[in-house]
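Just so you know, residue 1 is the first one in the sequence shown, and it goes up from there. Whatever order the structure lists ligands and atoms in, that order sets their numbers, starting from 1. Values below: all heavy atoms of this structure, side chains included; hydrogens, waters and symmetry mates excluded.
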Amino acid sequence: MKPTEILRKEHEDIKIMLNIFERLVFKLEASEGASLEHVELALNYLELYVGKCHFGKEEELFFPALEKIGIPKDGGPLGAMIQDHDSCRSNMKEMRMWFEKYKAGDHTVANNIVKPGHKYVITLKTHFDTEANILFPMADKGLPAGKQDELVIKFGQYEITKIGAGTHETLHQSLAQLKSIYLV
Ligand SMILES: [Fe+2]
């Protein structure tokens, strides 16, 4: 098992959530009204599983290992990847702020969620493609086998210490639940 295989699997799960989230954003855009419960589940997933777990693993464990084998950070591919993460986090912060107002009954703010929502989805999908096609092959080739094994172990521990095994399980259940509603 390679660390990039774990990250690729996470990308696949997250892409499913992005497709679900995109549908919810389109509903808001069309003033169809989106289920508050479903938007809440999707935002929680994106904030915790993506923003904390997935980005965190890359920023705290994976990217530093790549830097050590000579892949440049500032002005290089790692810096660009971190910029995407920051852009997604800032879009997410904005969406969360407006969604709290929407939830409180002010439906006039729906469009304020739509713009960062589309931006978030586009940024992350493009970002995943860049990682999968450029960065991960570089990691597979350049990281020593021992370091790859170590990263796999640390990735496993990371989720548990960062959000807890129970929360992790709940987020996977949210994905399965929303998938059965929106992607059938
Ligand atoms: Fe990333």
Would you check, one step at a time, whether the test side chain to side chain contact (heavy atoms under 4.5 Å, CB included) holds for Gln177 with Glu37?
CA-CA 12 Å; Gln177 184 197 339; Glu37 186 204 342; 3.8 Å; yes

Using the side-chain hydrogen bond (donor to acceptor under 3.5 Å, both in side chains) rule, take His118 and Glu29 through it: C-alpha gap first, then chi angles, then the decisive distance, then the call.
CA-CA 10 Å; His118 286 311; Glu29 193 169 15; 2.9 Å; yes

Step-by-step ring-ring contact (aromatic ring centres under 6.0 Å, His included) determination, Phe62 to His54
CA-CA 10 Å; Phe62 187 62; His54 182 73; 9.4 Å; no

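For the pair Lys57 and Tyr158, the NZ or CZ position fails the cation-pi test of under 6.0 Å to the six-membered ring centre and within 45 degrees of the ring normal.
Of the residues Leu171, Val121, Leu18, the one that meets the side chain to side chain contact (heavy atoms under 4.5 Å, CB included) test with Leu46 is Leu18.
Around the Fe ion (ligand 1), the protein contributes the following N, O or S atoms at distances under 2.8 Å: Glu58 OE1, His85 NE2, His127 NE2, Glu131 OE2.
Taking the charged nitrogens against the carboxylate oxygens, Arg8 and Glu131 have no contact shorter than 4.0 Å, which rules out a salt bridge.
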